[in-house]
Protein chains: 2
Amino acid sequence: MNSTLIEQAESILKLQGGRMTSQRKLILELLQSMPGHPTAEEIYLAASQYDESLNLSTVYRNLRWLIDLKLVTPLVFDDDRRQERFDAMIDPPQSDHYHFRCQECCQIFEFSAPEVEQFKAQFSDSTGAVVQSASLILYGICADCRELK
Amino acid sequence: MNSTLIEQAESILKLQGGRMTSQRKLILELLQSMPGHPTAEEIYLAASQYDESLNLSTVYRNLRWLIDLKLVTPLVFDDDRRQERFDAMIDPPQSDHYHFRCQECCQIFEFSAPEVEQFKAQFSDSTGAVVQSASLILYGICADCRELK
DNA sequence: TTCGGTGCAAAGAGTTTGCATACCG
DNA sequence: CGGTATGCAAACTCTTTGCACCGAA
């Protein structure tokens, strides 16, 4: 563990077949290094600085592929309803985390919450459902923005 | 309280100005009576049975209006990437609730969770942020679907 | 009568797809 | 060399918008 996205992808390619292209490598590197939760467009723009001929559809295709592999999770926040954001799962297994979005500066903060794990188990017990995953997003004003008023 | 959406909308119209049209009335009635969390399209199709000439853009315009009034909340679930769903806030003030989505039958179950309210307060205390709202969505397999396997 | 709301058609934004070509293994 | 992944352009899906007309108050 503690392996990079590229390493993880490469070992999956070895197992399942498929090729490591320069485009893939670039997209994976950016996913690993870009702060926050970039949109496909943002990844594309950043990648274009290194490979002018890269195409947006290649970015999308690879993101979908990575989602299938569980190396990336798609996120939708309330405000940008039309745009997906992508959250690289650096070094799984699943250090589950959740999100706080500041409605003022639009920054997204991640946090972990054992309470949520607990709640999932509890919910499962009381309803008989299997809970596979959870998305918790808090919306509000972050401490910094709060001070500025 | 315990008033219908139409009544709530009417009192807001009286205060803020605006008109209660037949289209509005129909959309509000359907929001109140349709089970689950319909998409704009689903509301439109259901409404079309009563008013053939109703237009999809009217549905969207009214949904956005209702969201502004806090009578409806937009929701996005993981699977249907492109489509918003709409959750009528029957009889506020805010009986906050959260969602469980069965990945098998795609049904959505609502539940309330005081734990989440608690968590919000706790988060606020420890980070200094103001938490205005929270979205919690659990994904998994519901009890019924679980049995069928 | 007034002007807020509607229908219609067209535009927009984000994402996906078909096909010929490139290039990884 | 075989076949997977890419670039490109066009299609698709969902949602929004401009404008002329309609109808609630």
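In the text below, chain A, chain B and the rest are named by the order of the sequence lines, each starting its count at 1.
B:F109 and B:F100 have tilted rings, their planes meeting at an angle from 30° to 60° on a 0 to 90° scale.
Remark: A:E41 CD to A:I43 CD1 distance equals 10.5 Å, nearest 0.5 Å. Rounded to the nearest 0.5 angstrom, A:L66 CG and A:L5 CG are separated by 7.5 Å.
Between B:L15 atom CG and C:dG4 atom C1' the separation is 17 Å, expressed in whole Å. Rounded to whole angstrom, the span from the CG atom of B:L69 across to the P atom of C:dG5 amounts to 11 Å. When rounded to the nearest whole Å, the span between NZ of A:K25 and C1' of D:dT6 equals 16 Å. Computed from coordinates, the A:D79 CG to C:dG14 C1' distance equals 17 Å when rounded to whole Å. Between the CG atom of A:L26 and the P atom of D:dT6 there is a distance of 11 Å, rounded to whole Å. Between the C1' atom of C:dG5 and the CG atom of B:L63 lies a distance of 15 Å, rounded to the nearest Å. When rounded to the nearest whole Å, the span between OH of B:Y44 and P of D:dT15 equals 14 Å. We find that CG of B:N62 is positioned 15 Å from C1' of D:dT17, with the value rounded to whole Å.
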Please list, for nucleotides 16-19 of chain C, all pairs of protein and nucleotide N/O atoms separated by less than 3.5 Å.
residue, atom, partner, partner atom, Å
C:dT16, OP1, A:R64, NE, 3.0
C:dT16, OP1, A:R64, NH2, 3.4
C:dT16, OP1, B:R81, NE, 3.1
C:dT16, OP1, B:R81, NH2, 3.2
C:dT16, OP2, A:R64, NE, 2.8
C:dT16, OP2, A:R64, NH2, 3.0
C:dG18, O6, A:R61, NH1, 3.2

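In this structure, a donor-acceptor pair under 3.5 Å is absent between the side chains of A:Q83 and A:R85.
In the helix from C:dT1-D:dA25 to C:dG25-D:dC1, the rotation axis of the first five pairs and that of the last five pairs differ in direction by 30°, rounded to 10 degrees.
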Taking distance alone, no hydrogens or angles, what donor-acceptor pairs closer than 3.5 Å link side-chain atoms of residues 117-125 of chain A to residues at least two apart or in another chain?
residue, atom, partner, partner atom, Å
A:E117, OE2, A:Y98, OH, 2.8
A:Q122, NE2, B:E115, OE2, 2.7
A:S124, OG, A:A129, O, 2.7

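Taking only side-chain nitrogens and oxygens, A:Q23 comes nearer than 4.0 Å to OP1 or OP2 of D:dG7. When the side-chain nitrogen and oxygen atoms of A:T21 are compared with OP1 and OP2 of D:dT4, none of them lie within a distance under 4.0 Å.
Under a 4.0 Å N-O distance rule, the pair A:D78/A:R101 does not qualify as a salt bridge.
Taking 3.5 Å as the limit, the base of C:dG4 and the side chain of B:R19 contain a donor-acceptor pair of atoms between them.
Panel note: side chain B:R24, backbone B:R19; a donor-acceptor pair is recorded below 3.5 Å.
A:F111 CZ: more than 12 foreign heavy atoms inside a 6.0 Å radius.
The side-chain heavy atoms of A:D87 and A:H97, taken from C-beta on, include a pair separated by under 4.5 Å.
Listed nucleotides: C:dT15, D:dG23, D:dT6. Nearest to the side chain of A:Q83: C:dT15. Nearest to the side chain of B:T58, among D:dA5, C:dG5, C:dT6, sits C:dT6.
When the nearest nucleotides of DNA chain D are assigned to B:E41 and B:S22 by heavy-atom distance, the more 5′-ward of the two goes with B:E41.
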